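First listed ligand is number 1; within each ligand, the first listed atom is number 1. This structure is a prediction, so every number in the text was calculated from the model and none was measured.
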Amino acid sequence: MAFTLPELPYAREALEPHMSRETLEFHYGKHHKTYVDTANKLIVGTEFENTSLEDAVKKASGKLFNNVGQIWNHNFFWNSLTPKSAAPGKKIADALVKNFGGIDDFKKVFTETAIGTFGAGWAWLVKKPDGSLAVISTSNAATPLTTSDTPLLTVDVWEHAYYIDYRNSRPNYLEHYWSLVNWDFAEKNLA
Ligand code: MN3
């Protein structure tokens, strides 16, 4: 069973002006696709030929982990975005207020964590096993899927995520990220 590149949940230009069609063409159409193609080459003749993507992320190491981790992280990232971003629903809003003091306080922590992630990586809103929410950062292909945390929302802070639209300015990218957040997705993951 080969890994597949899922269809984007929106059109390539749907996230404009915050994220350009060109960024989607490269980030989804080339970077994400390459992780899928590379993983599919690496699993030939291995125990991973018939495992699900989730199981592969949990069990693989080295180069295969890097590629399946990145497939999963990108699948999660595209779903963390929407062209129809609306205010957070009551459940997720209440949880953010309870854990961070307010929605703007959460955004500040998440933005600082994303900007402060050294080099390539990801910032995540996660639910801890005790039910509390936290913001964490992972490097390269590392993902909360291999931990006891439940991911709710993510932002990709690899340079390839923002270089076309914002050059070296990760802060500008983060500013626009908030116009694209799919709070419904975060709320569903919280349930
Ligand atoms: Mn990426």
Side-chain angles (χ1 to χ4, degrees), residues 2-43 53-54 56-58 60-83 85 107 110-126 135-147 149-182 185-186 189:
F3 302 120
T4 53
L5 180 69
E7 273 302 312
L8 274 180
Y10 31 75
R12 304 283 196 280
E13 66 280 359
L15 303 181
E16 291 185 342
H18 307 290
M19 196 178 284
S20 66
R21 181 190 178 97
E22 189 184 1
T23 285
L24 272 285
E25 279 168 355
F26 277 82
H27 195 180
Y28 167 77
K30 295 188 189 293
H31 290 277
H32 193 177
K33 182 177 185 297
T34 299
Y35 295 129
V36 174
D37 293 344
T38 304
N40 283 333
K41 278 179 201 147
L42 291 171
I43 59 171
L53 177 63
E54 285 74 13
V57 173
K58 288 173 185 168
S61 60
K63 195 174 178 187
L64 180 60
F65 172 79
N66 288 338
N67 284 277
V68 290
Q70 285 292 78
I71 300 171
W72 195 89
N73 288 347
H74 283 88
N75 292 351
F76 197 88
F77 175 57
W78 301 127
N79 281 295
S80 294
L81 306 177
T82 174
S85 185
K107 286 185 178 177
F110 188 93
T111 300
E112 282 170 359
T113 301
I115 293 170
T117 299
F118 185 75
W122 302 79
W124 306 82
L125 171 64
V126 298
V135 173
I136 63 160
S137 166
T138 61
S139 286
N140 300 318
T143 173
L145 193 61
T146 58
T147 72
D149 294 346
T150 305
L152 308 183
L153 198 68
T154 194
V155 64
D156 183 343
V157 295
W158 283 58
E159 252 182 18
H160 66 224
Y162 55 87
Y163 212 84
I164 290 171
D165 293 333
Y166 303 106
R167 294 302 173 192
N168 60 320
S169 182
R170 198 185 285 182
N172 284 357
Y173 165 61
L174 260 295
E175 202 178 306
H176 285 266
Y177 170 78
W178 296 113
S179 300
L180 298 173
V181 166
N182 188 342
F185 179 65
N189 293 326

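Rounded to 10°, the angle formed at the Mn ion (ligand 1) by NE2 of His160 and NE2 of His27 is 100°.
Seen from the ring of Phe110, Lys107 does not count as a face-on cation partner, given the 6.0 Å and 45° thresholds.
The shortest side-chain heavy-atom distance between Met19 and Tyr177 does not fall under the 4.5 Å cut-off.
At a cut-off of 2.8 Å, His74 is counted among the residues with an N, O or S atom near the Mn ion (ligand 1).
The name of the N, O or S atom in Asp156 nearest to the Mn ion (ligand 1) is OD2.
With a 6.0 Å radius and a threshold of 12 heavy atoms from other residues, nucleotides or ligands, Arg21 has its CZ atom above the threshold.
Relative orientation of the His27 and Phe77 rings is tilted, given thresholds of 30° and 60° on the angle between their planes.
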